[in-house]
There are 2 protein chains.
Amino acid sequence: MKKRLTISDIARLAGVGTTTVSRVLNQDPKVKPETRHKIEQIIVEAGYAPSPSARAMRTQRQQVVGVIVSRLDSASEHQAVRGILQLLEQGGYEVLLMESGFSSNKVAEHLNWLRLRQADGAILFAFTGLELDGQADWQDKLVVMARRYPGFSSVCYDDKGAIALMLEHLWRQGVHRPAYVGVELRDSTTGQQRLEAYLAFCRERGISPHYRLGGLSHQAGMEAAHLLLTEQVDTDALVCASDTLALGAAKHLQQSGKTLTLTGIGNNELLRFLFPNVASVDLGYQQAGIAAARQLLAQIEQRQGIAELAMPCRLVSAD
Amino acid sequence: MKKRLTISDIARLAGVGTTTVSRVLNQDPKVKPETRHKIEQIIVEAGYAPSPSARAMRTQRQQVVGVIVSRLDSASEHQAVRGILQLLEQGGYEVLLMESGFSSNKVAEHLNWLRLRQADGAILFAFTGLELDGQADWQDKLVVMARRYPGFSSVCYDDKGAIALMLEHLWRQGVHRPAYVGVELRDSTTGQQRLEAYLAFCRERGISPHYRLGGLSHQAGMEAAHLLLTEQVDTDALVCASDTLALGAAKHLQQSGKTLTLTGIGNNELLRFLFPNVASVDLGYQQAGIAAARQLLAQIEQRQGIAELAMPCRLVSAD
DNA sequence: TTGAAAGCGCTAACAA
DNA sequence: TTGTTAGCGCTTTCAA
């Protein structure tokens, strides 16, 4: 059991004071280049790394941020998390991932825990019904993902743009009577925003809307597709508010033997594999993660105030 | 900006020394119940929480463990991670999740990072080609998941048992000529073990084996199914080594219009939704996570040496 | 450009 | 049963 090296071991080996070593560690310019090189070399040779807890204790900065996702295995959140981890880790931060399971209570729990833990900041993936009351002390060190939340920074996807993009695309392909599979309006982004975009498009082109709203599950997509297609309305495409819904709708189409243009949103890998001709829209999840992390760091380091960011989207289609 | 409370604030408020407060914090029995209650009350009222870094610094125990998964969005790993998080967090540990992306280099990187970070232990999800050379110093604080690894503790799934269970089940249903979709033998568990179980079953029942090995992707499952079913062999079921493969095989069956009994392993949610009549085997992921966490804690706290654990499995079928 | 020394908040000898 | 005190490894005045 070899004892861990400390800063004073390095100082002794280099024949300098601990202060100087500390200066090198912290990129303080007030060190003679000669001395710096020597110390750097010794640090590398000895494989020394400063103790994070000692440092945290002294500076009162933990270099820790929490990331609260709704589900770790959600494909979309996962993409964003990738971006977040990348940026934050290279910024020297430790990232604590936690799951909310779509529960405001869980979120509050996690946030409280992070507060006790003295975390420097957090990124929170929003969901329907998210409540951030009594979390005012987080306002300048919290970034909300996927929807705007007054008083906090946020990074949003282009919900309306995505639907518009898809509808335009279909229109050019000759689809003139698209039906829409959406999500309950309690959900302000995937629900409201996307429906609104569908309705706006219908109005603009003078076509009559035909849609169903429901949950955000495969099951819901399947049911909505079933209902839309049994109603005697002339429909030449099923535009879904998300790839999850599209997967459910695809199942319905398949088992009922119907063939119809189907589209989703989210650029989900599995959907693309199982049903390659279902077009989708990439909402820029990874970029959103990176943007959120960047924004959080800027706020933590007091270089910037609260901001509301929006990500661009991009069509993904087999043809 | 209210200053954070320290242990001496609490001591002063309670009219005792810091040691006594510390004793209460650490469940030391040598405190008069009266004093204890009073202090506990004050701690709660004041909303005080001890500084983790000060504590870590003093005790040289960080209360941090790393968990290295291959993919955060893998359904099976995610289930195990759930169990791990539950146990470890309630044990007062901080959990750092990291992704290996099936790369030994990434694993080494993460492990090195955890070493520098002075993490108390780690749980590592194994994959084909995993190399743990030069990580001997982890041997008593690392638990390997999903396969055995000499010199380390491990928690395994019952690969052979799962296949045997499924084949027995099918046999009773009258399936007597099952073909097998497997994984390359480089993979010792999902690959070798499961194939071996299939072969053993065939030998035992006097049927001639018929199988294909390939990657572990949807694509691979689809291709293997295609190949197996174009060869002119009499086959009445496709037994897949994993649900991912089964999903791919299901796609092939569907698009080629064939109907055949199909089974997987892993109890994957999406597979069950899309193809409810595909039977599967639950390998006990969540329980495995819990077992791994429990084992790791025992080792960290020196209550136990290295051990090799195995999880039981369970059939999941629509009928 | 450098170093000595104080102290961040906590726990563990040791004393009482 | 309780308190005093000495650090844990680092950064940061302050002085040289």
For [X] and [N], give me the distance from atom [atom1] to atom [atom2], rounded to whole Å.
X       : N       : atom1 : atom2 : value
R4(A)   : dG9(D)  : CZ    : P     : 9 Å
Q63(B)  : dT11(C) : CD    : P     : 11 Å
I10(B)  : dT11(C) : CD1   : P     : 13 Å
N26(B)  : dA12(C) : CG    : C1'   : 10 Å
D28(A)  : dT13(D) : CG    : P     : 12 Å
L116(A) : dG9(C)  : CG    : P     : 16 Å
D9(B)   : dG9(C)  : CG    : C1'   : 10 Å
M57(B)  : dC10(D) : CE    : C1'   : 6 Å

*Taking the side chain from Q63(B) and the backbone from P52(B), do they hold a donor-acceptor pair closer than 3.5 Å?*
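Not confirmed, Q63(B) side chain does not pair with P52(B) backbone.
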
Do the side chain of R115(B) and the main chain of W138(B) share a donor and acceptor less than 3.5 angstrom apart? no

_If you take any heavy atom closer than 4.0 Å to DNA chain C, which residues from residues 37-55 of chain A end up in contact?_
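Residues of residues 37-55 of chain A under 4.0 Å from DNA chain C: none.
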
*asked:* Is it the case that the side chains of Q286(A) and H78(A) hold a donor-acceptor pair, with the cut-off being a distance below 3.5 Å and no angle test?
replied: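 Per modelled atom types, H78(A) and Q286(A) side chains form no pair under 3.5 Å.
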
Margin query: Less than 3.5 Å apart, any donor N or O on the side chain of E308(B) or S153(B) sitting next to an acceptor on the other?
Written below: no

Item to check | Short side-chain N/O contact to dT11(D) OP1/OP2 from S22(A), under 4.0 Å | outcome: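 Yes, S22(A) has a side-chain N/O under 4.0 Å of OP1/OP2 on dT11(D).
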
Quiz item: Does Q60(B) put a side-chain nitrogen or oxygen below 4.0 Å from OP1 or OP2 of dG9(D)?
Solution: yes

(Q) Could you check whether any side-chain heavy atom of T20(B) comes within less than 4.5 Å of a side-chain heavy atom of T35(B), counting everything from C-beta outward? (A) yes

- Query: Is the closest side-chain heavy-atom distance between Y149(B) and S154(B) below 4.5 Å?
  - Reply: no

Check the interface with nucleotides 1-4 of chain C: list each N/O to N/O pair with the protein under 3.5 Å, or write none.
residue: dT2(C); atom: OP1; partner: T35(A); partner atom: OG1; Å: 2.7
residue: dT2(C); atom: OP2; partner: K32(A); partner atom: N; Å: 3.0
residue: dT2(C); atom: O4; partner: R23(A); partner atom: NH2; Å: 3.4
residue: dG3(C); atom: OP1; partner: G17(A); partner atom: N; Å: 3.3
residue: dG3(C); atom: OP2; partner: G17(A); partner atom: N; Å: 2.7
residue: dG3(C); atom: OP2; partner: T20(A); partner atom: OG1; Å: 2.4
residue: dG3(C); atom: O6; partner: R23(A); partner atom: NH2; Å: 2.7
residue: dA4(C); atom: N7; partner: T19(A); partner atom: OG1; Å: 3.4
residue: dA4(C); atom: N6; partner: T19(A); partner atom: OG1; Å: 2.8

task = Could you pull out the closest heavy-atom pair between I306(B) and Q299(B), with the gap in Å?
result =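 Shortest heavy-atom separation between I306(B) and Q299(B) comes out as CA-OE1, 3.9 Å.
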
* Evaluate the salt bridge (Lys or Arg N to Asp or Glu O under 4.0 Å) criterion for residues D28(A) and K30(A): first the C-alpha distance (whole Å), next the side-chain angles of each, then the deciding distance (0.1 Å), finally the verdict. => CA-CA 5 Å; D28(A) 186 322; K30(A) 295 180 159 326; over 6 Å; no

Derivation of the side-chain contact (heavy atoms from CB on, under 4.5 Å) call for Y93(A) and I300(A): CA-CA 11 Å; Y93(A) 281 78; I300(A) 289 177; 3.6 Å; yes

